[in-house]
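Working notes, beginning with the structure itself.
Small disclaimer: the values here were computed from a predicted structure and weren't measured.
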Amino acid sequence: MKVFGFGFSLFLVIILAFLLSAGSNTFLRTADISFLSVNATNGDGFSIITFVNISPGTIIRFTDSEWNGNHFGIDENDVSWNTGGGMIKAGSVIKFENVDFAPSASYGTINGKLKISKKSEAIFAYLGSSRMPVKFLAAVANDSSAYGTLANTGLVDGVSALTFSF
């Protein structure tokens, strides 16, 4: 009887934990978003698409610093995007414009600035604190060496890390 009670209690705890955290941004996984475009001229910007619903108040960070397998460099910039007060539905395209001067986002708010280079540039999207990722979501680059490395990110070149010309 104790085993059944423990098993049943454990089951309830797991279900309750799932339900309470289902709206948390910690459930975003690698490749739940993808970059669609990058503009490195006349008002730098980029766009992403989400493949899952994103909860209100989720904070996703973007940086153009290189990853060395353990941390980002400190020589470039980063921005944080707060998704705002409403649910962002799967399939939504989010545009980030003028990220080099007066950043704006089509949903939520963006803080910080990025200067997107036409040569050897990468942008990482991740969860965590500034330059301290706990989960990589996606990346984009105009040269595969611009990432630094994808080691220890969970990102896969050609799948969740896309390389194309800006």
Side-chain angles (χ1 to χ4, degrees), residues 25 27-84 86-166:
N25 65 15
F27 277 100
L28 285 174
R29 298 179 309 225
T30 301
D32 278 350
I33 67 169
S34 181
F35 286 88
L36 287 177
S37 67
V38 178
N39 174 19
T41 58
N42 300 325
D44 294 359
F46 57 92
S47 64
I48 61 170
I49 186 168
T50 178
F51 301 115
V52 297
N53 293 341
I54 299 179
S55 299
T58 298
I59 296 174
I60 297 176
R61 297 184 185 277
F62 300 92
T63 187
D64 61 342
S65 291
E66 293 80 17
W67 178 252
N68 74 2
N70 294 309
H71 59 81
F72 287 114
I74 58 170
D75 59 329
E76 304 226 29
N77 301 299
D78 51 38
V79 297
S80 63
W81 171 50
N82 184 315
T83 60
M87 176 77 68
I88 296 179
K89 300 289 186 188
S92 296
V93 173
I94 299 94
K95 295 179 184 179
F96 301 89
E97 298 178 326
N98 300 310
V99 296
D100 59 336
F101 180 72
S104 66
S106 56
Y107 292 87
T109 58
I110 187 169
N111 293 305
K113 296 178 184 174
L114 289 179
K115 177 66 177 147
I116 302 171
S117 176
K118 294 179 196 173
K119 296 180 183 178
S120 194
E121 183 72 281
I123 303 171
F124 289 88
Y126 65 95
L127 301 175
S129 59
S130 180
R131 298 184 190 271
M132 297 298 294
V134 294
K135 174 82 60 176
F136 285 89
L137 301 175
V140 64
N142 57 10
D143 181 322
S144 60
S145 66
Y147 297 116
T149 182
L150 294 176
N152 301 320
T153 64
L155 300 171
V156 177
D157 194 19
V159 178
S160 51
L162 305 176
T163 305
F164 57 85
S165 297
F166 304 167

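Across all their heavy atoms, G112 and P103 have their closest contact at O-CG, 3.0 Å. Across every non-hydrogen atom of Y147 and A161, the tightest pair is OH-C, 3.4 Å.
In this structure, CG in D32 is found 11.0 Å from CD1 in I48, a value given to the nearest 0.5 Å. Atoms CG and OG, on L150 and S160 in that order, are 7.5 Å from each other to the nearest 0.5 Å. Note that the OG1 atom of T58 and the CG atom of L127 stand 8.0 Å from one another [nearest 0.5 Å]. Atom OG1 of T83 sits about 8.0 Å away from atom CD1 of I59, to the nearest 0.5 Å. Note that the CG atom of N77 and the OG1 atom of T63 stand 7.5 Å from one another [nearest 0.5 Å]. Within the model, atoms OG1 of T30 and CG of L137 stand 6.5 Å from one another, a figure rounded to the nearest 0.5 Å.
Shown here are the side-chain contact (heavy atoms from CB on, under 4.5 Å) partners of I49, two or more places apart in sequence or in another chain: S34, L36, F51, V93. When the salt bridge (charged side-chain N to carboxylate O under 4.0 Å, His left out) test is applied to D78, the partners found at least two apart in sequence or on another chain are R131. Evaluation of the side chain to side chain donor-acceptor pair (under 3.5 Å) rule for S144 yields no partner, not counting sequence neighbours. Partners of F35 by ring pair (Phe, Tyr, Trp, His ring centres under 6.0 Å), not counting sequence neighbours, listed by chain and number: F46. Residues that satisfy the side-chain contact (heavy atoms from CB on, under 4.5 Å) test with S129, not counting sequence neighbours, are M132. Partners of S120 under the side-chain contact (heavy atoms from CB on, under 4.5 Å) rule, at least two apart in sequence or in another chain, are S145, A146. For F164, the side-chain contact (heavy atoms from CB on, under 4.5 Å) partners at least two apart in sequence or on another chain are V38, V140, L162, F166. Not counting sequence neighbours, T153 has no partner by the side chain to side chain donor-acceptor pair (under 3.5 Å) test.
Residues in residues 59-70 take part in no salt bridge (Lys or Arg N to Asp or Glu O under 4.0 Å) pair, two or more places apart or across chains. Among residues at least two apart or in separate chains, there is no side-chain hydrogen bond (donor to acceptor under 3.5 Å, both in side chains) pair with a member in residues 86-104. Among residues at least two apart or in separate chains, there is no salt bridge (Lys or Arg N to Asp or Glu O under 4.0 Å) pair with a member in residues 136-160. Applying the salt bridge (Lys or Arg N to Asp or Glu O under 4.0 Å) rule to pairs touching residues 112-129 yields D44-K115, sequence neighbours excluded.
No close placement of the W67 and F124 rings is indicated, their centers lying 6.0 Å or farther apart.
Side chain of N152 to main chain of G69: a donor-acceptor pair is present (N/O by atom type, distance under 3.5 Å, no hydrogens or angles).
Under a cut-off of 6.0 angstrom, the local environment of CG in N42 is sparse, with at most 12 non-hydrogen atoms contributed by other residues, nucleotides or ligands.
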>> Set out, in order, the CA-CA distance, both residues' side-chain angles and the distance that settles side-chain contact (heavy atoms from CB on, under 4.5 Å) for I54 and I33, then state yes or no.
In response: CA-CA 10 Å; I54 299 179; I33 67 169; 4.2 Å; yes
> Would I94 and W81 satisfy side-chain contact (heavy atoms from CB on, under 4.5 Å), going step by step from the backbone distance to the final call?
Replying inline: CA-CA 11 Å; I94 299 94; W81 171 50; 3.8 Å; yes
>> side-chain contact (heavy atoms from CB on, under 4.5 Å) for D75 and S65? Distances and angles first, verdict last.
In response: CA-CA 7 Å; D75 59 329; S65 291; 4.3 Å; yes
>> Assess the residue pair N39 and I116 against the criterion (side-chain contact (heavy atoms from CB on, under 4.5 Å)); give the C-alpha distance rounded to whole Å, side-chain angles, the decisive distance to 0.1 Å, and a yes or no.
In response: CA-CA 8 Å; N39 174 19; I116 302 171; over 6 Å; no
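In this structure, F27 and S55 have side chains that are not in contact, with every pair of non-hydrogen atoms separated by 4.5 Å or more.
Ring planes of Y126 and F136: tilted class, angle from 30 to 60°.
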